[in-house]
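A quick note: this is a predicted structure, and the numbers were derived from the prediction, not measured. Here, residue 1 is the first one in the sequence, and each next residue gets the next number. Just so you know, ligand 1 is whichever comes first in the structure, and atom 1 is the first atom listed for that ligand.
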Amino acid sequence: MNFTDLNLIEPIAKAIQEQGYTTPTPIQERSIPEILNGRDFLGCAQTGTGKTAAFAIPILQNLSKNKTPNKNIKALILTPTRELAIQIEENIKAYGKYLPLKELVIFGGVKQSGQEAALKRGVDILVATPGRLLDFIAQGIVSLRNLEIFVLDEADRMLDMGFVHDVKRIIKLLPQRRQTLFFSATMPSEIQKLADSILNNPIKVEVTPVSSTAETINQTVYFVERDDKLDLLTHILQNNISDSVLVFSRTKHGADKIARKLQASKISTEAIHGNKSQNARQNALNNFKSGKTRVLVATDIAARGIDIDELKYVVNFELSDVSETYVHRIGRTGRAGAEGNSISFVDGLDLANLKNTEKLIGMKIPIIKDHPFHTDNLVAQKRDSNNKPSGPRPERPKQQTANTKKKPAVDAGKKPKNKSFFRKK
Ligand code: AMP
């Protein structure tokens with residue numbers, strides 16, 4: 001199927017073409033005709049499947065039929081994080097570039113005056129996080145009385161982040177007669193119940209279940225002692241990879257430490273996490289997207305929904321205790337069919353998580369040994385609640401003494417010998 005088969009109006013077709021999209025993703029193929037027909041929709045899909053365009057395109061087309069412009073909010077997209085909200089609004093802006101519709105994004109953590117002024121000027125499509133939206137509703141700045149379309153995005157994350165109560169309060173304020181589109185990567189029973197209670201005879205589409213990692217992602221594991229991880233990261237960034245890299249860190253402190261070390265090695269790096277202001281996070285994200293910063297180090301929460309076109313590398317500095325997190329993390333690369341690479345650093349503390357992750361994704365992740373910090377002697381350890389090793393540190397393997405461990409096995413300045421690094425599965 002091609003986008004031209006979807007009966008899109010000219011201004012949208014043109015904007016999509018400018019985005020470089022030619023073929024709709026599987027969820028878009030199913031959602032666009034049904035949503036255009038006014039049906040409710042339940043999409044079981046995670047970020048990376050093209051789900052934003054799957055709802056944004058038909059919403060734009062449906063709303064563009066309204067002949068008389070007015071200031072009413074006609075579509076509301078509720079999403080759990082600021083980063084996701086900003087990205088959704090950016091996508092709507094791009095797809096609706098040639099339409100006279102106005103879109104706006106609102107989220108907390110920043111002054112409300114700018115968002116309030118924009119709302120007063122009139123908004124057709126509002127993208128919002130739950131807290132700021134409820135604030136504005138309580139202040140009488142937002143009214144949802146004339147809403148025609150409601151999208152609940154990342155419903156399972158809303159639950160994880162404790163927003164379900166807020167979401168239910170918002171749903172109570174919506175008109176009964178409306179079109180509802182519901183998206184969630186997973187369907188725990190509470191989310192299923194919520195979907196059942198707000199959807200009216202929906203079309204259901206499930207794509208890429210959470211346990212399947214995109215086939216286009218070349219996944220690898222590096223066995224490395226905990227204390228060598230920073231050196232290994234510096235080494236591969238200097239010798240093996242010339243592209244941008246998104247690095248995941250378990251902790252905010254860890255993210256800062258990684259960023260400091262890379263900066264000291266003259267690798268342009270920024271860190272984003274919950275202790276940084278919204279502006280600092282957005283600036284760091286913009287710098288990374290534009291290529292000004294080569295490496296972005298992020299915690300899982302800060303990285304939620306980060307959408308970077310053509311991101312080729314994700315590094316897991318540690319593996320998460322929650323195996324599904326691995327799938328979400330590496331899903332930042334290899335998007336919409338593009339090729340991607342994920343590299344996971346595994347020390348003794350990560351061994352159990354590696355086992356669980358491999359069980360979840362149903363495959364063994366190949367181990368890359370051809371690097372100067374490889375060790376075959378990892379000793380399984382458990383993390384205590386402070387992320388510290390609970391067992392004694394294993395002895396360092398003899399060949400990696402203080403003198404030799406920092407010396408790369410590949411000659412400085414030369415391209416890496418380990419072709420296997422870029423090997424496809
Ligand atoms: P999403 O799942 O909405 O986060 O989208 C993932 C990425 O795929 C985004 O970078 C989109 O710009 C991109 N994308 C969405 N639909 C298409 C398409 N039909 N063709 C190519 N890229 C797409």
Side-chain angles (χ1 to χ4, degrees), residues 1-8 12-33 35-36 41-61 77-97 103 105 125 127 151-157 181-186 205-210 212-217 243-244 246 285-286 288-291 296 298 303-314 327-340:
M1 189 189 267
N2 208 298
F3 271 109
T4 45
D5 303 320
L6 287 171
N7 294 325
L8 297 178
I12 296 180
K14 187 172 160 195
I16 287 172
Q17 199 181 12
E18 282 178 17
Q19 288 296 303
Y21 304 176
T22 48
T23 322
T25 64
I27 192 159
Q28 292 164 2
E29 252 184 45
R30 296 288 313 280
S31 73
I32 294 174
I35 298 173
L36 284 175
F41 189 84
L42 174 61
C44 192
Q46 61 190 77
T47 16
T49 54
K51 72 180 168 68
T52 312
F55 62 78
I57 291 171
I59 288 177
L60 284 162
Q61 180 143 329
I77 296 141
L78 207 54
T79 191
T81 69
R82 302 155 186 183
E83 285 80 7
L84 272 169
I86 291 168
Q87 270 161 31
I88 293 170
E89 196 252 358
E90 280 173 359
N91 286 1
I92 293 174
K93 196 180 266 163
Y95 310 143
K97 190 175 165 191
E103 67 285 315
V105 58
I125 304 173
V127 186
V151 182
L152 183 60
D153 184 39
E154 306 244 335
D156 53 349
R157 292 249 163 104
L181 318 174
F182 191 109
F183 291 85
S184 193
T186 56
V205 173
E206 188 177 339
V207 291
T208 338
V210 73
S212 73
T213 41
E215 281 164 16
T216 49
I217 302 172
D243 290 279
S244 301
L246 177 61
L285 199 53
N286 290 344
F288 187 59
K289 281 186 179 181
S290 70
L296 186 68
R304 272 184 184 165
I306 287 183
D307 174 14
I308 302 137
D309 286 342
E310 291 166 36
L311 176 68
K312 292 208 182 83
Y313 286 92
V314 165
V327 181
H328 288 300
R329 285 176 173 185
I330 76 163
R332 304 280 79 82
T333 182
R335 305 197 119 198
E339 194 176 308

Residues at least two apart in sequence or cross-chain that pass side chain to side chain contact (heavy atoms under 4.5 Å, CB included) with Glu29, listed by chain then number, are Met1, Pro24

Sub-4.0 Å atoms of ligand 1 with respect to non-hydrogen atoms of [X]:
X: Thr49; result: 2 (O)
X: Thr23; result: 18 (C), 19 (N), 20 (N)
X: Phe3; result: 19 (N)

Quick look: Gln28 vs ligand 1, heavy-atom contacts under 4.0 Å, and the answer is side chain

Between [X] and ligand 1, does any nitrogen or oxygen pair lie at a separation below 3.5 Å?
X: Asn91; value: no
X: Gly50; value: yes
X: Thr22; value: no

Do [X] and [Y] have side-chain heavy atoms sitting under 4.5 Å apart?
X: Ile32; Y: Leu8; answer: yes
X: Ile88; Y: Asn91; answer: no
X: Ile217; Y: Thr333; answer: yes
X: Thr49; Y: Thr25; answer: no

Across all chains, not counting sequence neighbours, the ring-ring contact (aromatic ring centres under 6.0 Å, His included) partners of Tyr21 are Tyr95

